[in-house]
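We name chains A, B, ... by the order of the sequence lines, and we start the count at 1 in each one.
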Amino acid sequence: MQRSGALFSVRFVSSDVMFALVDVNNFYASCEAVFDISLRNKPLVVLSNNDGCVIARSAEAKALGIQMTEPWHQVRARHPQLIHRSSNYELYADMSARVMTILSAAAPSSECYSIDEIFLDIRNVPDRMQLANTVRSRVREWIGLPVCVGIGCTKTRAKLANRVAKKRPQFGGVFDLEALTPAELSELMREIDVGDVWGVGSRLKARLEVLGIRTALDLRNADSEWIRSHSSVVLQRTAAELRGIACIPLELTAPVRKQLVVSRSFGSEVDRYDALRESVLSYVSRAAEKLRTEGLLARRMQIFIHTNSFRDDRAQYSAEFSLKMPVATDDTLALANAAEYALRRIFREGFLYQKAGTMLSELTPAAQRQHALFVDPTQIERRSRLNATLDKINQLYGRDTVRVAGSGVERTWSMRRSQVSPRYTTRWSDLAVARAR
DNA sequence: TCTGGGGTCCTAGGACCC
DNA sequence: TCTGGGGTCCTAGGACCC
């Protein structure tokens, strides 16, 4: 590849790559409809935690004009008959794993980019269209989920192609951007809004429009240095990718996690310290469990709480407290103690709290554990066996069977999930057959 | 009444060092 | 009168993604 002087700050990958981006259509809504046939071909929305806002829509719901992240109470007022489901992440995660197993087997290497998307490396595939059609029908037949495939010589172009495959049904769910003539490609990019390019969000779109960049074509044709001076290297890279210069490589191994967040809005607002403490301790327990599952230790812990910023009739308060653990740890009780200390530091009487959470950072692999100088190693060993037992019991009998006492029994703050579907694929008791009886 | 949760990267500016 | 310059590290904030 010839390096262009104008692009000195953008790293290239290689000139002979080809990507297929496979993506499940309306993933959460489609998962729900796999098991409940009464939902098929109906307007259906899936809601965020607390049934707060819309996070997935079936094709029919999209046709009604329902937007992503629209508050549910507003949508329901407009469409009283609309079918809705609370989000069921246990189901979606399991369905995702099944889809990814099938798709990653279809190419020599791949990158799971999100819960419902995967990039396949198809540079040496002789017939790209055949591969795309094969994986499409395979996922449909074996899992029951519809997918679309976009093909491009950069990730950004594959994303664009995937978008075309989804929006224009005449292409049968597969679109190869690299099969177009230069004139056709320009024409297509002229029809695509710059905000629909991967990497251009709402803020950037607004700024670019002021500068006269309105379509994907405008961005592709813009001078690289001009983009750099008016925006950043990130957008410069996106524009290069649109031109067919691959800058974003396939990540073959999952990048090392840098932080871990567990936070939730409350089902109803909380003013008592005890209730806040219960919620914080339960989130910290969950975070510690995740650490152990992933074989990580955390050195820094942050606790945060805040009131509902949408309410202008109440005084607002938000605070966070961050502390460094004496040694990096994955111990539920050690983290819970630290969390209580942090919460006491930031709690203020007289506010209605809406959300709390914890963030663990400065993560290191558990294999590199550094012990404290004056702590008896057998005590650490005992504590680690206790945590392992905790995890085993909770895995066997359901989350929170055994938990930190302070995390609550009543749990008045817990989420609203009025319409949550069964965990069809991960709980024997929820199996579709068992339920039919 | 009701407004998600969990991530990453880049940049600018301040602190600090020699 | 004139008050360095270059480097690193950290943090907060802004932007993006799904």
- Item | Presence of A:Arg416 side-chain N/O under 4.0 Å of B:dC2 phosphate oxygens OP1/OP2 | no

- In whole angstrom, what separates A:Gln259's CD from B:dG5's P? 16 Å

- Query: Side chain of A:Arg264: nearest nucleotide among B:dT3, B:dG5, C:dC16?
  - Reply: B:dG5

- Item | Gap between atoms CD and P, on A:Gln236 and B:dC10 respectively (whole Å) | 13 Å

- Message: In whole Å, I'd like the distance from the OH atom of A:Tyr283 to the P atom of B:dG4.
- Response: 13 Å

- Message: Using whole Å, what does the distance between atom C1' of nucleotide B:dT3 and atom CD of A:Gln316 come to?
- Response: 13 Å

- Please indicate whether A:Arg311 has more than 12 foreign heavy atoms, meaning atoms of other residues, nucleotides or ligands, lying under 6.0 Å from its CZ. yes

- Are the ring centres of A:Phe321 and A:Phe304 closer than 6.0 Å? no

- Which residue lies more 5' along DNA chain B, comparing A:Ser232 with A:Met415 via nearest heavy atoms: A:Met415

- Query: Side-chain contact, heavy-atom cut-off 4.5 Å: A:Leu82 with A:Arg76?
  - Reply: no

- Message: If you only use heavy atoms from C-beta on, which nucleotide in B:dG4, C:dA15, B:dT11 is closest to the side chain of A:Arg203?
- Response: C:dA15

- Message: Taking only side-chain N and O atoms of A:Arg311, does any of them lie within less than 4.0 angstrom of OP1 or OP2 on B:dT3?
- Response: no

- Query: Under 4.0 Å between a side-chain N or O of A:Lys355 and OP1 or OP2 of B:dG5?
  - Reply: yes

- Base-pairing string, 5' to 3', of DNA chain C - Watson-Crick or wobble, under 3.5 Å, | interstrand: ....||||||||||||||

- Query: Quick one: which of B:dC10, B:dG4, B:dG6 gets closest to the side chain of A:Ser263?
  - Reply: B:dG6

- Query: So among A:Arg163, A:Lys205, A:Lys167, which one has a side chain to side chain donor-acceptor pair (under 3.5 Å) with A:Asp196?
  - Reply: A:Arg163

- Message: Between A:Arg292 and A:Thr332, do the side chains contain a donor N or O and an acceptor N or O under 3.5 Å apart?
- Response: yes

- Quick one: does A:Arg123's side chain get under 4.5 Å of A:Val125's, heavy atoms only? no

- Task: State whether A:Asn308 places a side-chain N or O below 4.0 Å from either non-bridging phosphate oxygen (OP1 or OP2) of B:dT3.
- Result: yes

- Passes salt bridge (Lys or Arg N to Asp or Glu O under 4.0 Å), A:Asp36 versus A:Arg85? Steps please. CA-CA 11 Å; A:Asp36 185 345; A:Arg85 288 287 178 272; 3.3 Å; yes

- Query: Side chain of A:Arg228: nearest nucleotide among C:dC18, B:dT11, B:dC10?
  - Reply: B:dT11

- Have a look at A:Leu204 and say if it touches a base, only the backbone sugar-phosphate, or nothing, with a 4.0 Å heavy-atom cut-off. sugar-phosphate

- Query: Does the side chain of A:Thr69 get closer than 4.0 angstrom to OP1 or OP2 of B:dT3 through an N or O atom?
  - Reply: no

- Side chain of A:Ser114: nearest nucleotide among C:dC18, B:dT3, B:dG6? C:dC18

- Task: Quickly work out the A:Leu260 CG to B:dG6 P distance and round it to whole Å.
- Result: 9 Å

- Task: When you get a sec, tell me which of B:dT8, B:dG6, B:dG4 is the closest nucleotide to the side chain of A:Ile55?
- Result: B:dG4

- Query: Nearest to the side chain of A:Val234 - B:dC10, C:dC18, B:dG4?
  - Reply: B:dC10

- Message: Whole angstroms only, please: what is the CZ-C1' distance between A:Arg417 and B:dC2?
- Response: 17 Å

- Residue closer to the 5' end of DNA chain B, A:Pro255 versus A:Phe310 (nearest nucleotide): A:Phe310

- Message: Any base atoms under 4.0 Å from A:Asp116, or only sugar-phosphate, or nothing? Heavy atoms, all strands.
- Response: sugar-phosphate

- Query: A:Asp313 has an atom CG; how far is it from atom P of B:dC2, in whole Å?
  - Reply: 9 Å

- Task: Decide whether A:Glu278 and A:Tyr273 meet the rule of one side-chain donor and one side-chain acceptor closer than 3.5 Å.
- Result: no

- Message: What is the distance, to the nearest angstrom, from the CZ atom on A:Arg257 to the P atom on B:dG6?
- Response: 10 Å

- Message: Less than 6.0 angstrom from the centroid, inside 45 degrees of the normal: does A:Lys155 satisfy that with respect to the ring of A:Phe119?
- Response: yes

- Message: Classify A:Tyr113 by what it touches in the nucleic acid, base, sugar-phosphate, or nothing, heavy-atom distance under 4.0 Å.
- Response: sugar-phosphate

